[in-house]
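So that the names make sense, note that chain A is the first sequence line, chain B the second, and so on, each numbered from 1. Side chains included, hydrogens not; waters and symmetry mates left out as well; all remaining heavy atoms used.
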Amino acid sequence: MRSFPLAIFVTLVSGYVLWSLVFIALYAGHGLVCIVMPGSAQTAMVGVWGGAIALHAVLALWLARTNVLDRNSVSPFVRRCAIGLAMASLAAAIGVGLPILFLASCA
Amino acid sequence: MMFEYELTAMPAREADRREAQHREREPPREHRRLGALIEPQRPVGGQHGEQEHRGYGVPPRLQPAANAARHAKFNKSRYCRKHSKAESPAAGPKTDPREEGIAIPPIEEIAAQGCDGERDGKRHQHHMYRMLRERQTGLDIVMVRVPSPLSVFHCNLLTPYAAALLSTLSLVSCSAPLSTVDPAGPLAGAIAEMWWLMLAGAGAIFLGVMIMAFYALRTARAPWRVSDNAMLIGGGLLFPAIVLSGLLIYSLLRWEGVFADAEPSWRVEASSRQWTWSFTHLDAQGGPFTTENELFLPVGEPVEIRVSSADVIHSFWVPQLGGKIDAIPGRTNVVIIQADRPGAYAGQCAEFCGAGHAHMRFIVHAVRTRDELAALTQQGAIAP
Amino acid sequence: MTAARSAISLHKELERIYGSPPGWRGVLSAVNHSVIGMRFMVTALIFFLIGGVLAMLIRAQLATSGAAFLSAPAYAQVFTMHGVIMMFLFAIPLIEGFALYMLPKLLGSRDLAFPMLSAFGYWCYLFGGLILLSALAVGAAPDSGWFMYTPLSSQPHSPGINSDVWLIGVTFVEVSALCAAVEFMTTVVKVRAAGMALNKMPILVWYLWVTSAMMLFGFPPLILGSILLEVERAFGWPFFNPEGGGDPLLWQHLFWLFGHPEVYIIFLPGAGVISTVLPVFAGRPLAGYSWIVLAIIALGFHSFALWVHHMFTTGIPRLSLAFFSAASLLVVIPTAVQIFSWLATLAGGRPRLTTPMLYVYGFLSIFVLGGLTGVMVAIVPFDTQAHDTHFVVAHLHYVLVGGFVFPLLAGLYHWFSHFTGRTCPTNISWAAFALVFGGFNVAFLPMHWTGLLGMPRRVYTYSSDAGWDALNLVSSIGAFALAFGFALILLELLHGKLFGARAPRNPWRAGTFEWAMATPPPSYNFASLPTALDREPLHGDEALPAKLARGEGLLGEPRHKWRETIGVEPIEGRPDQIILLPGPTFIPLFTAAALGVFFLAFLFKQYELAVGGLALTIACVWWWLWSRGLKQDWAHQELGNGSQAPLHPASSDPPSLWGMRFSLMGLGVFFASLVFGHLFLWLAGPGAGAGIEAPAWTLWLGAGALLAATAGAALAQRSNSAGPRAAVTGSLLFSMIANFAAGCAFLAAALLQPTAPQSDAIAAGAWALCVFMAAQAAIGVFIAAYAAARYLCGWISAQRKVELGALLLWQIWIFASGVVSGALILFAR
């Protein structure tokens, strides 16, 4: 089956596309959480963070198991890169949320 | 207002030289010294030209008993025109370069400088000033330096040796009126500590990388047996990940810890406009009072500064007390600072704000006790 | 000898086809990538010298306390223009020029995907740069700092033309950056050597590709910000004015959304040069190709998540700052991967200390230091002290000079014989290097300390009591030594260009395609096109250059006077089309000149003339597009290896559609920035503005009309492959009318309600969305009308259908953006 190359490029960077969304969610979510529920802000932020990490893990697993990239006889290189980037973005999602544990949420 | 900046930790020769210069340009000293800075470039505008110019001086050699007389002198401008000749002292008593950590004798010259400056007319860089470093605002005070947990890094301990090495080049002196590495408050102290720590770490990493890079140039060697992947994973991933997580957590905890539960009871509104600061002291006994380009705060307790701007973006910055915070029109930003020692600390606008940016300075007077502040306000010495 | 003669005759024939016409005609009409790329680079270097002179003025002024050399207003113009020139007129254009010159050669093709766009980009750059320079010459240059913070740069505080010059000049220049980004993206995707799968691309191509993606995503926020600020200055829409409910912080967000990626846009090509040059002189392939590919893609994304670290002192809540602090530290890791890859390459090879390698080592030491101080300023509390002091000035020069200028010099020496065909004498290289390296460190290493002693940036003078005299004097001495170093390099290169000996081919024995041609390169690059078997094809086949010159590669037989190159399927690099390249033409120059009329008229507030300039530009674009394409169906053509491929207008995956996709991505970022701005003012702005009460029916009508236009475009495409001619014409006309209706509806949404855009920022935001949608619909009208005209004149057939595909893409995009805009206008008020 012939596939659309743009879709392959998007799959290649899907890990980091997700990471970008997560980063926006953390930044915007922080503002929102401190307006809506300042009392349990840290819990909420940990929730957002945990959810983000879980999403990344799901994506990485999916990329490792899916045949979307194989089916089009895409070179193993693209597949390796896609999975590598998904792992990297997972690590980045963990790293970027670290401050939630160490700072008061709405100070 | 003309305070004297003096480099404390500088070598004796330097201090002598400066003193000599002082004497030499004594009579119209103000003109010579500051005129060169101010005259060629008078920032545009003039909307502040009309504002009242308050000269401000700190009296020399304070005696504990001389409070009243001293406070009277605080409001120099009221006396200026009449008494300028009378009050104009010879070069004020100069300090010897002091030993670190010793209680500092008060150092002042000044007094009539404000008056001299006044003659220059309505220039609005009236906040051009020189300032003494360990100055005191009203009392004779025994200074106590709070030891830092990392005092081994502390600049002032290193300085005498380094200064001796590079004597005339004051390249490695930590002391300067706006020095961030000569902290006088807990926040600035914590940040200086971070700096020395990061400097040490960065130096080590830099050396390591350079040694690796240059070792590869040795022609007589065999190529390394380290695999590429080991280098990439070890050096590219694990090493920075571990070091940086540690640094991030350390810096956040250290930062968060400085004013963890501070509930400042001395609050100041800092309003900025091109190119002046107005400080309204909200919690003064006897009601709020406002001063221009001078901020008063009690020593040893956290103080809340609410920073705002009436025109363009400025930035409130007193390097010896803590980091800067921007004054953004339409917003009020809050920063907490604290001075651990009495004295006068230089402040500077840190965001480019137009032609007068370079001269948009102010002074923070840290006074020993609330009672002192109360006394100052009650006697009308500060109120405009 | 027959082989050699045939190589020469092939060369002569190709030169007749590809060469530029003689004289001024040829100069003004050139579109060849080598010519345009070299022009970009030389122009950028001239701007570098001008920026350098400004730097010398700065250092002369700061050398002593209380200097009376420059006045405060003059100093403000000087430091602002130093930043503007170095960032916008030197670094980015040099990268564009380098990529223009190098990409096709690395990829084994004859030119870029859209040569006319290259030329257009150059003229935009030149004209925009000249606007800025003339302003400097008459003393009306921008003076609010290169990042133009509002409100200092807005009307009440900068009433002169200075800020407008920045906004309009820089926007004009950035048009060229956006064109380059779209062109490079498309080129890397489509215009490669046969068989060049993604993992066989030279590493420099990956770097340039990621760089252009970042340009495509990074510049739109800046352009949007510039437009909004110009509209505020010219017409009083208060986006950034707190008195009208606007927010100065919005400018900072938009600016740094561009400004931080910009740093990596500048650094990545430098790193790419290092990754190319260093392995050549280490005598082994780069360690960890895949690692580097991952690292630079990661770097590209991370660089967009750092912008707030320029705003650590603006009063944003601590935890939010900490996210950006963490993100700023994370970006170190992909950089560290690259540094350790270089170290591993050096360690596993046998490095030769040639002149390019000197600069590689200079780069390593300076850039690592800059990176380490970068880690420091990523720590929020430390940054609150270091921010806006000379510490940051020192840091950014370590990063930019270390990360860009040193690699650039390494590359200049490395490719000097490629650029000029001559060798560069090395006898003064070491002295020049010593001056540059030493001067740089003497200038900027002490500056860290100056900053820590409290010297703010952008002060035109300081008092001697501040304790900065000695440090500043040392910095100034170093800066002048640095300048002498650059002068020496310039002399050496000029000498080499004029008097150097003929260089042998591939003097460094590098492995990539750019060395498989004569130097200086002929206008057609390769007499016949190579096939990529691995990443360093010249190492596998030493005789490759000779074979290519004899026409033994692909497309080695000139035919029909066509300028041909191969287009490939993007992943594996199988040839799927033959791309016909345009020849010399004046259209890009005229288009850029028309755009220049628009910008200049706007600058001088001659709005009627500006409208005229816009109309002229649109006419030029029509002319441009009309000049391309084929009027008849061609059979598939021989590639030269026994297989055949269609010509690109008849291809199922032509480069133009990729160009359209990438342009839409850039436009998408622009629109997303506008949406962000509107939401930001609505949710986080200081004033509670009223917004506009747009009649809901106008928005429904607008969205509905866009949906209808999209359906019309789809129908036209369908009828084109199997349907009556009238159906195609009819659907195109329908689409055109629907677009027109949509445009009117969005304008009506703003006009049929009482709130003026000047009244508050949220209303201004809604107005901006309406105007943006109306403009997009107008472009829809243009494309539909153009497609209809092309169809009627026979340029479109069942095979040749690019216009219809482009129209459909456009319609889908504006329908989607129209729905979002409508929802925002209705609800965010």
Test item: A:Val96 and C:Phe324 side chains (from C-beta on) under 4.5 Å apart, heavy atoms: no
Toward chain C, the part of A:Ile100 with a non-hydrogen atom under 4.5 Å: both
Shortest non-hydrogen separation from A:Gly95 to C:Ala326 and the atoms involved: O-CB, 3.7 Å
Heavy-atom contact with chain C under 4.5 Å, split by part of A:Ala88: neither
Which portion of C:Leu330 sits near chain A, non-hydrogen atoms under 4.5 angstrom: side chain
Interface residues of residues 287-303 of chain C facing chain A - non-hydrogen atoms under 4.5 Å apart: C:Tyr289, C:Ser290, C:Val293, C:Leu294, C:Ile297, C:Ala298, C:Phe301, C:His302
Among C:Ile316, C:Leu198, C:Val189, C:Val308, residue most engaged with chain A (heavy-atom pairs, under 4.5 Å): C:Leu198
Option in A:Gly15, A:Ala91, A:Ala92, A:Gly84 with maximal non-hydrogen atom pairs under 4.5 Å from chain C: A:Ala92
Minimum heavy-atom distance A:Leu103-C:Arg318, with the two atoms named: CD1-O, 3.9 Å
Under 4.5 Å from a heavy atom of chain A, the part of C:Leu329 involved: neither
Side-chain heavy atoms of C:Glu572 within contact of A:Val78, under 4.5 Å: no
Euclidean distance, C:Leu683 CG relative to A:Ile35 CD1, rounded to 0.5 Å: 7.5 Å
Between CZ on residue A:Phe77 and NZ on residue C:Lys200, distance to nearest 0.5 Å: 11.5 Å
Segment of A:Phe102 engaging chain C (4.5 angstrom heavy-atom cut-off): neither
Sorted by number, residues from residues 18-27 of chain A in contact with chain C (heavy atoms, under 4.5 Å): A:Trp19, A:Ser20, A:Phe23, A:Leu26, A:Tyr27
Interatomic distance, A:Gln42 atom CD to C:Leu319 atom CG [nearest 0.5 angstrom]: 8.5 Å
Proximal component of A:Leu85, with respect to chain C [non-hydrogen, under 4.5 Å]: both
